[in-house]
Amino acid sequence: MLLVNNIQENLEKYVEGLTKRGITDGAKLLNEVTDLDSQRKKTQQQLDEIKSKSNQLAKQIGQLFKEGKRDEAEAAKAETAQLKEQDKSLSEQLNTIQNELINKLYNIPNIPHPSVPAGKSEDDNEVIKVNENNKPSLHDGAKPHWDLIAEYDIIDFELGNKVTGAGFPFYKGHGARLVRALVNYFLDEAQKAGYIEVQPPILINEDSGYGTGQLPDKEGQMYGITDSNLFLIPTAEVPITNMYRDVIVSENDLPIKHAGYTPCFRREAGSWGAHVRGLNRLHQFDKVEIVQIADPAKSYELLDEMVAHVEKLVNSLELPYRILRLCGGDLGFTSALTFDFEVYSAAQEKWLEVSSVSNFENYQANRLKLRFKNSDNKKQLAHTLNGSALAIPRILAAILENNQTPEGIKVPKVLQTYVGTDVIKK
RNA sequence: AGAGGAGUGGCAGAGUGGUCGAAUGCGGCGGUCUUGAAAACCGUUGUACCGCGAGGUACCGGGGGUUCGAAUCCCUCCUCCUCUGCCA
């Protein structure tokens with residue numbers, strides 16, 4: 001969340017940032033926050049004073065008892081009643097104010113980076129690079145992947161419907177093999193790039209949800225385990241970044257780089273429709289995520305590095321792709337700057353989002369209390385970054401569609417040893 | 001899952017109602033000594049919030065309670081250890 005102390009100092013910038021996101025009453029929101037904060041300070045001062053008096057009095061009473069001055073002690077005891085009442089009432093006030101303040105802060109998104117274009121929706125995202133070198137020319141009768149998977153019997157949606165529900169497919173035979181190949185390939189590449197692999201839990205608690213910003217903003221996106229008060233992760237970002245919740249790392253350890261493979265679970269409430277077919281949108285999918293904990297001075301450099309990493313992956317899979325800089329309206333709640341990668345899926349003639357690479361600056365770190373000791377030996381909030389590298393199903397969709405031939409589906413070179421064949425046949 | 005035990009500062013560990021933000025040791029930092037280092041000795045050393053400052057407040061696993069006063073007593077939750085049971 002935003003740092004209250006910085007809001008007052010940079011009010012104009014903050015309002016401008018929120019406006020970019022399409023929040024028109026930003027000034028009002030921010031003023032409410034700073035007002036609440038001064039109320040908080042005032043109330044706490046009053047409360048501290050009352051507590052100070054109570055503490056003094058309690059010491060005196062102890063002393064009086066020791067000296068055997070019972071009557072005086074009892075008299076002093078009577079005096080504390082009033083203080084207690086004031087204490088109680090002020091504590092309640094303070095509590096209310098603090099809750100209100102934190103709720104307000106939870107509901108204000110991150111301030112976009114200056115380079116983020118204004119805009120309302122994904123239509124306003126800025127295409128910063130298009131690489132169509134690998135755009136295929138498909139043979140007559142080329143099919144979208146939902147037909148291919150049935151024809152090759154490699155992914156079974158019906159079976160998923162039966163066993164779980166819509167959006168939970170079974171991958172079979174070469175389909176399962178392809179998923180595993182992609183996961184392994186992505187993890188191996190991440191390792192080569194210096195990311196330490198972790199295999200995190202795929203259930204997280206509420207604190208973790210708040211730490212990275214899924215709560216309270218996106219509660220409806222996650223599946224909840226209600227009897228244990230846990231959530232299925234929507235992305236490995238959540239458990240991996242939360243490894244560093246309430247942690248003070250040393251400057252020498254930065255940047256901290258982690259990669260992790262997990263299944264991801266998303267309810268996608270309200271986003272289901274006819275345009276979402278096959279692998280384009282699922283409730284459960286596999287993803288390799290890369291995460292960095294960074295020195296604020298270097299985080300944008302590292303963001304570029306992560307974008308380059310993802311670009312290399314997409315290139316190596318011989319897929320046409322483009323890179324987008326998300327506009328204010330499409331930017332994630334906690335992000336300051338996000339680049340999306342889309343690959344071209346040739347039979348459905350669609351760009352599919354396969355990666356989102358973001359710098360959250362200190363927005364998550366502030367919630368996480370993730371800090372490092374800087375060269376002055378002072379504690380400072382770190383920056384957090386993450387990116388998909390990559391999400392599997394849409395990559396798979398594009399590979400199936402783009403690589404189809406009348407003889408079978410060609411396996412990209414980099415995957416052949418993982419899959420164990422260079423072509424998948426019926 | 002059941003029974004028992006335990007959770008205190010970076011670590012170890014004392015503290016069972018007031019003089020405790022907390023002994024002591026280790027570690028860290030600064031110094032004396034030394035050509036340098038070690039040893040020894042001396043000093044210093046938690047975090048957050050409020051305040052220009054003096055200083056104040058809170059924090060002994062989390063939350064709640066009793067009390068004029070709680071690390072200490074009570075309730076509750078969490079975690080760890082031991083034993084028993086169950087299970088990839």
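Side-chain atoms are counted along with the backbone in the values below, which use heavy atoms only and exclude waters and symmetry mates. On a predicted model such as this, the values are computed, not experimentally measured, just so you know.
- Looking at Lys257(A) and Glu305(A), a side-chain N of the basic residue comes within less than 4.0 Å of a carboxylate O on the acidic one, giving a salt bridge.
- If you take atom C1' in A37(B) and the same atom in G56(B), they sit 46 Å apart, rounded to whole Å.
- Between C75(B) and A54(B), the two C1' atoms lie 41 Å apart (nearest whole Å).
- One P atom belongs to G62(B), the other to U67(B), and the distance between them is 23 Å to the nearest Å.
- Contact between the side-chain N/O atoms of Arg70(A) and the OP1/OP2 oxygens of C68(B) is not found at any separation under 4.0 Å.
- One can place CG of Asp48(A) at 16 Å from P of A48(B), the figure rounded to the nearest angstrom.
- Ion pairing between Lys13(A) and Glu16(A) fails under the 4.0 Å rule for side-chain N and carboxylate O.
- Here C73(B) sits opposite G65(B) as a Watson-Crick or G-U wobble pair (both hydrogen-bonding atom distances under 3.5 Å).
- Distance, Gln56(A) CD to U57(B) C1': 13 Å, rounded to whole Å.
- Across all strands shown, G4(B) forms a Watson-Crick or G-U wobble pair, both distances under 3.5 Å, with C81(B).
- Nucleic acid contact class of Lys51(A) (heavy atoms, under 4.0 Å, all strands): sugar-phosphate only.
- Between His309(A) and Tyr195(A), the angle of the ring planes lies from 30° to 60°, which puts this pair in the tilted group.
- Atom CG of Asp253(A) is surrounded by more than 12 heavy atoms from other residues, nucleotides or ligands within 6.0 Å.
- One atom, NZ of Lys369(A), and another, P of G46(B), lie 22 Å apart when rounded to the nearest Å.
- What separates CG of Leu381(A) from P of A48(B) is a distance of 11 Å, to the nearest Å.
- Dashed line: the shortest gap from a side-chain N or O of Lys84(A) to OP1 or OP2 of G69(B) is under 4.0 Å.
- When the P atom of U19(B) is taken as reference, atom CG of Leu64(A) falls 15 Å away, rounded to whole Å.
- By the 4.0 Å N-to-carboxylate-O rule, Asp87(A) lies too far from Lys84(A) to be salt-bridged with it.
- Ring geometry, Phe168(A) versus Tyr223(A): the interplanar angle falls from 30° to 60°, so the pair is classed tilted.
- In this structure, Glu85(A) atom CD and C68(B) atom P are separated by 14 Å, rounded to whole Å.
- Across all strands shown, A39(B) forms no Watson-Crick or G-U wobble pair with both distances under 3.5 Å.
- The pairing partner recorded for C59(B) is G46(B), the criterion being a Watson-Crick or G-U wobble arrangement whose two distances lie under 3.5 angstrom.
- Considering only side-chain N and O atoms, Asn55(A) lies nowhere under 4.0 angstrom from the phosphate OP1 or OP2 of C68(B).
- Residue Arg371(A) is the one, among Arg371(A) and Leu47(A), whose nearest nucleotide of RNA chain B lies closer to the 5' end (criterion: closest heavy atom).
- Side-chain atoms of Lys41(A) lie closest to C50(B) of the nucleotides C68(B), C50(B), A48(B).
- The gap from the P atom of C33(B) to that of U72(B) amounts to 48 Å, rounded to the nearest Å.
- Nucleotides A23(B) and A14(B), compared at atom P, are 14 Å apart to the nearest Å.
- Pairing partner, C26(B): G10(B), with both Watson-Crick or wobble hydrogen-bond distances short of 3.5 Å.
- Positionally, the nearest nucleotide of RNA chain B for Asn95(A) lies more toward the 5' end than for the other of Asn95(A) and Ile61(A).
- Atom pair Arg40(A):CZ and G51(B):C1' shows a separation of 13 Å (rounding to whole Å applied).
- Side-chain contact between Leu396(A) and Ile155(A): present, with at least one pair of heavy atoms (C-beta onward) separated by less than 4.5 Å.
- Following rounding to the nearest Å, Asp246(A) (CG) and C59(B) (P) show an atom-to-atom distance of 18 Å.
- When the nucleotides A48(B), U57(B), C50(B) are ranked by their closest atom to the side chain of Gln44(A), C50(B) comes out on top.
- Closest to the side chain of Phe65(A), out of C68(B), C50(B), A48(B), is C68(B).
- In this structure, the nucleotide among G56(B), C68(B), G51(B) sitting nearest to the side chain of Gln45(A) is G51(B).
- Within a 6.0 Å radius of CD in Gln416(A), other residues, nucleotides and ligands contribute more than 12 heavy atoms.
- Pairing for U19(B) is absent, with no Watson-Crick or G-U wobble pair whose two atom distances lie under 3.5 Å.
- Residue Lys42(A) has no polar side-chain atom (N or O) positioned under 4.0 Å from OP1 or OP2 of C50(B).
- Between the P atoms of U8(B) and G61(B), the separation comes to 6 Å (whole Å).
- The same atom, P, is picked in A6(B) and in G13(B); the two are 14 Å apart, to the nearest Å.
- Taking every side-chain heavy atom of Lys77(A) into account, C68(B) is the closest of C68(B), U57(B), A48(B).
- Look at the P atom in both U19(B) and A71(B): the space between them is 9 Å, to the nearest Å.
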